[in-house]
Participant: 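Got a structure for you, written out below as structure tokens; questions coming shortly.
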Amino acid sequence: MPTETLHDWNLSPEEAIALQKRMAGRIEREDRLGPVRHIAGVDIGFEQEGEITRAAVVVVAWPGDPLAGFEVVEQVVHREPTRMPYIPGLLSFREIPAALEAFGKLVTRPELVMVDGQGIAHPRRLGVASHLGLWLDLPTIGVAKSRLCGVHDEVPEPRGEWTPLRHRGETIGAVLRTRVGVKPLFVSLGHRISLETSLDWVVKCLGRTKLPEPTRLADRLASRRGPMPRPAD
DNA sequence: GCGACAG
DNA sequence: ATCTTGTCGC
């Protein structure tokens with residue numbers, strides 16, 4: 001019997017692609033967010049040769065000091081059998097079911113969500129951050145460590161510098177230098193937020209590492225790596 | 001047809 | 001994503 005938390009994610013690649021094309025039209029690319037007091041970071045990891053999917057969500061308080069370390073308000077983990085293989089362009093169908101279950105365990109309702117993956121910087125403009133944003137009806141930002149599609153110039157070295165990521169004649173995101181001498185981040189709006197505001201939040205949440213704190217914390221929790229020692233001031 | 005391809 | 005050893009730099 002279907003329940004409200006059980007969705008039909010068992011789609012063929014063709015059906016999944018058709019669904020993405022339909023849902024992409026519902027993505028809001030302009031700011032529609034209220035006061036931000038909590039920011040959630042989401043990431044997925046795997047255990048046992050990929051048999052188990054592990055979704056992690058970490059909620060931090062805003063305002064906070066990324067260099068000193070944000071206050072972690074809540075963090076949850078959800079494990080379940082992996083549903084489908086990784087297929088470029090269809091990542092959300094592999095990761096979102098587990099992510100939604102993890103969000104269901106949250107007591108706090110974040111006002112902004114950062115997702116490990118692309119937002120609209122996707123062939124059909126519906127990366128995992130956008131897809132999750134629609135399901136949660138929350139503002140989401142896609143924070144990816146590498147490129148899925150699009151072209152861009154070289155990014156200037158200084159931290160905070162960025163260059164547009166373009167695809168088929170439109171700007172779909174930004175390639176952001178978060179650390180000097182380190183591969184840049186691919187930032188794109190997920191849902192209910194503009195690219196400019198997305199970049200603003202990612203930069204504001206930058207600590208000493210390549211990833212913004214919410215995503216870095218979720219990344220660690222998802223992969224079961226313990227806390228990293230923070231160098232003394 | 002060929003290469004590229006988030007995690 | 002995950003696995004894994006050595007290496008570079010502050």
Side-chain angles (χ1 to χ4, degrees), chain A residues 9 13 16-17 19-20 23-24 27 41-57 67 77-100 102 113-134 140-152 157 159 165-168 172-176 178-191 195 198 202 207-212 214-226 228-233:
Chain A
W9 291 94
I17 288 172
L19 181 59
Q20 288 180 326
M23 293 186 82
I27 293 299
V42 190
D43 190 31
I44 308 296
F46 297 91
E47 303 173 13
Q48 301 172 26
E49 314 278 300
E51 297 299 305
I52 300 295
T53 296
R54 182 184 168 96
V57 180
L67 291 174
V77 169
H78 169 74
R79 298 167 74 257
E80 64 172 45
T82 299
R83 323 195 164 217
M84 48 189 314
Y86 166 65
I87 301 172
L90 301 180
L91 179 67
S92 61
F93 297 90
R94 170 174 164 89
E95 301 194 339
I96 286 188
L100 288 177
V113 182
M114 291 188 187
V115 185
D116 193 321
Q118 315 288 351
I120 64 169
H122 176 280
R124 292 167 291 282
R125 306 295 183 265
L126 197 81
V128 63
S130 296
H131 203 157
L132 186 61
L134 280 179
T140 56
I141 300 172
V143 180
K145 295 182 290 297
S146 62
R147 182 192 69 92
L148 173 59
C149 67
V151 295
H152 65 88
E157 273 304 293
R159 180 191 180 103
L165 176 64
R166 302 182 57 80
H167 183 62
R168 295 176 187 169
I172 57 175
V175 191
L176 174 70
T178 57
R179 289 200 70 184
V180 177
V182 176
K183 298 273 285 179
L185 225 46
F186 291 76
V187 178
S188 57
L189 72 90
H191 183 46
L195 174 59
S198 296
V202 169
R208 292 181 175 78
T209 50
K210 167 176 178 170
L211 298 173
T215 294
R216 186 183 70 83
L217 294 170
D219 200 83
R220 255 181 23 192
L221 187 57
S223 65
R224 297 189 295 170
R225 279 169 293 174
M228 288 177 59
R230 206 255 303 165
D233 300 58

Participant: Can you tell if the side chain of A:Pro212 reaches within under 4.5 Å of the side chain of A:Val143, non-hydrogen atoms only?
Facilitator: yes

Participant: For A:Gln48 and C:dA1, what is the distance between atoms CD and P respectively, to the nearest whole Å?
Facilitator: 18 Å

Participant: A:Arg147 CZ to B:dC5 C1': how many Å, rounded?
Facilitator: 8 Å

Participant: When rounded to the nearest 0.5 angstrom, what distance separates CD in A:Glu95 from OH in A:Tyr86?
Facilitator: 9.0 Å

Participant: Rounded to whole Å, please give me the gap between CD in A:Glu95 and P in C:dT2.
Facilitator: 10 Å

Participant: Do the side chains of A:Phe46 and A:Thr53 get nearer than 4.5 Å, heavy atoms only?
Facilitator: yes

Participant: Just so I know, are the side chains of A:Leu148 and A:Pro123 near enough to count as touching, which here means a heavy-atom distance under 4.5 Å?
Facilitator: yes

Participant: Figure out the CZ/P separation between A:Arg94 and B:dC5, and round it to whole Å.
Facilitator: 18 Å

Participant: So which of A:Ile141, A:Ile172, A:Ile27 actually passes side-chain contact (heavy atoms from CB on, under 4.5 Å) with A:Leu189?
Facilitator: A:Ile27

Participant: Pairs counted as Watson-Crick or G-U wobble with both distances under 3.5 Å: what dot-bracket string results for DNA chain C, using | for bases tied to another strand?
Facilitator: ..........

Participant: Within the structure shown, what part of the strands sits under 4.0 Å from A:Glu47 by heavy-atom distance: base, sugar-phosphate, or nothing?
Facilitator: nothing

Participant: How is A:Gly89 classified with respect to the nucleic acid when contacts are heavy atoms under 4.0 Å: base, sugar-phosphate, or nothing?
Facilitator: base

Participant: Base, sugar-phosphate, or nothing: which does A:Tyr86 touch, judged by heavy atoms less than 4.0 Å apart?
Facilitator: base

Participant: Just how far, in rounded Å, is P of C:dA1 from CD of A:Gln118?
Facilitator: 13 Å

Participant: In dot-bracket form, 5' to 3', how is DNA chain B paired? Count Watson-Crick and G-U wobble pairs only if both distances fall under 3.5 Å, and write | where the partner sits on another strand.
Facilitator: .......

Participant: Side chains of A:His122 and A:Ser130: does their closest heavy-atom pair fall under 4.5 Å?
Facilitator: no

Participant: Between B:dG7 atom C1' and A:Phe93 atom CZ, what is the distance in whole Å?
Facilitator: 15 Å

Participant: Is a salt bridge present between A:Arg220 and A:Asp43, judged by a nitrogen-to-oxygen distance below 4.0 Å?
Facilitator: no

Participant: Determine the sole option in A:Val202, A:Leu217, A:Leu185 for which the side-chain contact (heavy atoms from CB on, under 4.5 Å) test with A:Leu211 is passed.
Facilitator: A:Leu185

Participant: Taking side chain as C-beta onward, heavy atoms only, is A:Lys145 less than 4.5 Å from A:Asp116?
Facilitator: yes

Participant: Counting only side-chain nitrogens and oxygens, does A:Ser146 get under 4.0 Å of the OP1 or OP2 atom of B:dG7?
Facilitator: yes

Participant: Rounded to the Å, how far apart are A:His167 NE2 and B:dA4 C1'?
Facilitator: 12 Å

Participant: Have a look at A:Leu90 and say if it touches a base, only the backbone sugar-phosphate, or nothing, with a 4.0 Å heavy-atom cut-off.
Facilitator: base

Participant: Could you tell me the separation between the CD1 atom of A:Ile87 and the P atom of B:dC5, rounded to a whole number of Å?
Facilitator: 17 Å

Participant: Counting only side-chain N and O atoms of A:Lys145, is one of them less than 4.0 Å from OP1 or OP2 of B:dA6?
Facilitator: no

